[in-house]
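Contents: one structure, followed by commentary.
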Amino acid sequence: MRLYLVRHPQPEVAPGICYGSTDLAVAPQENERAAVALVRALPKGLPVFSSPAKRCSGLAARLAAMLGSPAVTYDARLTEIHFGAWEMRAWDDIPRAEIDAWSKNLIAYRPGGGESVMQMAQRVHAFHEDIRRQSEHGAAGGVVCHAGTIRLLLACQRGLTLAELALHAAQARHQIAYGEMIVIDC
């Protein structure tokens, strides 16, 4: 199965703000720009899956319409990590001791009392396994989601245990641009 992993366009938020699962909008012109750039590389009729977050759902709906695809399948397992009390705070305002505690226990620490990387890995892995089982050999799907989700989906390709998958994704440098597409074969 071929998956086209697409990171959402840049949301409307100030630089330096922690915004994991916060539901942020994207300027309509950014969704349109991203859709026009992406649609040329996507197969017509491609099933589209998306995080329900506004910053993903707008692009997913636009892509599905442009490709003549079935209705988008929204799946909460594709949402970004929930940073709890850190959500919508400036990274510089989060106590250094809390960030250090997270870096010492990347997979089990719950930043801001929110969700751990292991919890996120469990739900993303479950999505990955479900989509693999439901698809025929050679089928394809588009997935519009978040950088953290994409890192986990990429790690799913490595055949790691769940703990190894979570740690690998947590340690991976974030280099996925807004609106970028990464193609993987499951």
Side-chain angles (χ1 to χ4, degrees), residues 2-94 99 102 111-115 117 119-121 123-124 127-128 131 140-155 169-170 172-184:
R2 177 163 284 178
L3 288 180
Y4 298 85
L5 307 177
V6 176
R7 184 178 183 204
H8 60 78
Q10 185 167 358
E12 296 178 324
V13 64
I17 299 297
C18 175
Y19 64 88
S21 65
T22 299
D23 199 11
L24 299 169
V26 168
Q29 65 271 21
E30 285 300 309
N31 273 334
E32 188 62 21
R33 183 193 58 72
V36 168
L38 292 164
V39 75
R40 290 180 241 137
L42 297 170
K44 296 288 183 205
L46 180 75
V48 179
F49 301 86
S50 177
S51 160
K54 287 185 272 192
R55 62 187 185 262
C56 298
S57 62
L59 176 58
R62 185 67 183 121
L63 285 173
M66 292 171 81
L67 294 168
S69 301
V72 176
T73 301
Y74 297 100
D75 194 318
R77 296 176 296 181
L78 296 171
T79 58
E80 185 60 275
I81 193 168
H82 186 315
F83 284 112
W86 293 8
E87 291 280 338
M88 297 309 293
R89 289 179 63 190
W91 282 104
D92 291 342
D93 292 343
I94 298 169
I99 292 173
W102 187 24
E115 180 179 33
V117 174
Q119 289 169 316
M120 182 181 179
R123 62 180 166 78
V124 172
F127 169 83
H128 182 265
I131 199 166
V143 180
V144 181
C145 56
H146 312 270
T149 309
I150 291 172
R151 287 197 315 266
L152 284 163
L153 287 168
L154 291 171
R173 280 193 74 102
H174 178 332
Q175 298 178 358
I176 305 165
Y178 293 112
E180 182 178 349
M181 180 172 61
I182 299 171
V183 181
I184 61 172

*Identify the heavy atoms of Gly45 and Ser69 that sit nearest to each other, and give their distance.*
C-OG, 3.4 Å
*From Ile182 CD1 over to Arg151 CZ, what is the distance, rounded to the nearest 0.5 angstrom?*
10.5 Å
*Sub-4.5 Å side-chain heavy-atom contact between Arg7 and Ile176*: yes
*Quick one: does Met88's side chain get under 4.5 Å of Ile17's, heavy atoms only?*
yes
*Short question: side chain of Glu30, backbone of Gln10 - any donor-acceptor pair under 3.5 Å?*
no
*Distance (rounded to the nearest 0.5 Å) between Asn31 CG and Arg55 CZ*: 12.0 Å
_For a quick test of reading the model, state the closest non-hydrogen atom pair linking Ala41 to Met181 and the distance between them._
CB-CE, 3.5 Å
*asked:* For the CD1 atom of Ile150 and the SG atom of Cys145, what is their distance to the nearest 0.5 Å?
replied: 4.5 Å
*Please tell me if the side chains of Leu59 and Leu38 come closer than 4.5 Å, counting only heavy atoms from C-beta onward.*
yes
*asked:* I need the minimum non-hydrogen distance between Leu152 and Ala121, along with the two atoms involved.
replied: CD2-CB, 3.8 Å
*How long is the span from the CG atom in Leu3 to the CD1 atom in Ile131, to the nearest 0.5 Å?*
5.0 Å
_Exercise: identify the closest heavy-atom pair between Phe49 and Gly141_ = CE1-CA, 4.5 Å
*Any side-chain heavy atom of Val72 within less than 4.5 Å of one from Ser57?*
no
_Test your reading of the model: is there a side-chain donor-acceptor pair from Arg2 to the backbone of Ala140, 3.5 Å cut-off?_
no
_Results of salt bridge (Lys or Arg N to Asp or Glu O under 4.0 Å) for Glu80 - residues two or more places apart only_ = none
*Applying side-chain contact (heavy atoms from CB on, under 4.5 Å), run through Phe83 and Ile94 and close with a yes or a no.*
CA-CA 11 Å; Phe83 284 112; Ile94 298 169; over 6 Å; no
_Inter-residue atom distance Leu5.CG - His146.NE2, 0.5 Å rounding_ = 12.5 Å
_Listed partners of His128 passing side chain to side chain contact (heavy atoms under 4.5 Å, CB included), at least two apart_ = Arg132, Leu153, Cys156, Gln157, Cys186
*Nearest 0.5 Å, what's the CG-SG distance between Asp75 and Cys56?*
12.0 Å
*Using modelled atom types only, decide if a donor and an acceptor are shared between the side chain of Thr149 and the backbone of Leu78 within a distance under 3.5 Å.*
yes
*asked:* Looking at every non-hydrogen atom in both residues, tell me the closest pair between Leu24 and Glu12 and how far apart they are.
replied: CD2-O, 4.3 Å
*Can you see which heavy atom on Leu67 is nearest to which on Leu42, and at what distance?*
CD2-O, 3.7 Å
_Parallel, tilted or perpendicular, as decided by the 30° and 60° cut-offs, for the rings of His8 and Tyr178_ = tilted
*Below 4.5 Å, heavy atoms only, C-beta onward: do Trp86 and Ile99 meet side chain to side chain?*
yes
*Distance-only, no hydrogens or angles: does the Arg123 side chain make a donor-acceptor pair with backbone N or O of Thr79 under 3.5 Å?*
yes
